[in-house]
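Right, one structure below, let's go through it.
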Amino acid sequence: MNIGIASEKSGLPSKTIRYYEDIGLLRPARTGNGYRDYSTADIHRLRFLQRSRSLGFSVDECRQLLSLYQDKDRESADVKAIAKAKLVEIDRKIAELAGLRHMLHHLVEHCQGDERPDCPIIDELAGEGMVQ
C-alpha cells in the first residue's frame with residue numbers, strides 16, 4: 001500500500017512516516033519505480049510507534065521498545081524497566097509543574113491587579129521578588 005493509505009490506517013501523517021523511515025524505525029519495501037510499499041506488518045509497527053509516542057516515549061525509547069516488540073524471545077523485565085523509567089520521568093515532570101503552579105499561584109494571589117505599577121509578578125520575573 002502507498003504512504004497515503006499507510007497514513008490513513010496508522011493514524012500518522014505522511015511526514016511522520018517518512019521521518020520514521022529516515023531515522024531507521026521503519027523500512028518499507030520499494031516498488032520497481034521506487035515508491036514505498038507498506039505491508040500490514042509496517043502498519044502494525046507504525047501503530048505501535050504512534051501509541052508509544054502518545055505515552056510520551058522518546059524516539060530512542062520507541063526504538064528500544066520496537067526492538068523488544070519484534071523480539072519474540074524478549075524478557076518482559078526489559079520492557080518493564082523502560083516503562084518504569086518513563087514513569088519516574090513523568091512523576092518528576094508532574095512535581096516540577098506542581099511547583100511552578102504553586103509559585104505562579106502565589107504571585108497571582110499577591111498581585112493587586114489594579115492601576116498601580118507595583119507588581120510582584122514583574123518583580124519576580126526581573127529577579128527582584130521574594131517568592132515565599
In this structure, OH of Y35 is separated from CD1 of I3 (nearest 0.5 Å) by 12.0 Å

S7: which residues meet the side-chain contact (heavy atoms from CB on, under 4.5 Å) condition with it, sequence neighbours left out? S14, I17

Under the rule for side-chain hydrogen bond (donor to acceptor under 3.5 Å, both in side chains), what residues qualify as partners of S58, not counting sequence neighbours? E61

For the side chain of R74 and the backbone of Y69, is there at least one donor-acceptor N/O pair under 3.5 Å apart? yes

Indicate the atoms forming the closest heavy-atom contact of L46 with S10, along with that distance. CB-CB, 3.6 Å

Minimum heavy-atom separation for I82 to Q64, with atom names? CD1-CB, 3.8 Å

Is the backbone of F48 close enough, under 3.5 Å, to the side chain of S52 for a donor and an acceptor to pair up by distance? yes

By the salt bridge (Lys or Arg N to Asp or Glu O under 4.0 Å) test, which pairs, at least two apart or in different chains, include something from residues 100-122? D114-R116

Run the side chain to side chain contact (heavy atoms under 4.5 Å, CB included) test on L26 and Y19 for me, step by step, so that the C-alpha distance in whole Å, both residues' side-chain angles and the decisive distance to 0.1 Å come before the verdict. CA-CA 9 Å; L26 186 70; Y19 171 70; over 6 Å; no

Would you indicate whether the side-chain heavy atoms of C62 and L49 approach each other to under 4.5 Å? yes

Is any side-chain heavy atom of E124 closer than 4.5 Å to one of E128? no

Quick note, salt bridge (Lys or Arg N to Asp or Glu O under 4.0 Å) partners involving residues 2-22, not counting sequence neighbours, are E21-R30, E21-R36

For S39 versus R45, what's the shortest heavy-atom pair and its separation? OG-NH2, 4.5 Å

Step-by-step side chain to side chain contact (heavy atoms under 4.5 Å, CB included) determination, R47 to I43: CA-CA 6 Å; R47 287 181 184 157; I43 301 304; 3.8 Å; yes

Taking atom CZ of R63 and atom CG of L25, what is their separation to the nearest 0.5 Å? 4.5 Å

For D37 against P28, the heavy-atom pair lying closest together: O-CB, 4.0 Å

Using the side-chain hydrogen bond (donor to acceptor under 3.5 Å, both in side chains) criterion, which residues pair with E96? Sequence neighbours excluded. R92

Taken to the nearest 0.5 Å, the spacing of D123 CG from L107 CG works out to 9.5 Å

Do Y20 and L12 come within less than 4.5 Å of each other through their side chains, counting heavy atoms only? yes

Looking at every heavy atom in both L65 and V79, which two are closest together, and how far apart are they? CD2-CG1, 4.1 Å

Could you work out, with side-chain hydrogen bond (donor to acceptor under 3.5 Å, both in side chains) as the rule, every residue matching D73, not counting sequence neighbours? none

Please answer whether the main-chain N or O of L68 pairs with a side-chain N or O of D71 as donor and acceptor at a distance below 3.5 Å. no

Once you round to the nearest 0.5 Å, how far does NZ of K93 lie from CG of L100? 13.0 Å

With clusters defined by side-chain heavy atoms of hydrophobic residues (ILVMFWY) lying less than 4.5 Å apart, directly or transitively, does L55 cluster with L87? no

Once rounded to the nearest 0.5 Å, what's the spacing between atom CD of E89 and atom CZ of F57? 9.5 Å

Is it the case that the side chain of R53 and the backbone of Q50 share a donor-acceptor pair, with hydrogens and angles ignored and the cut-off at 3.5 Å? no

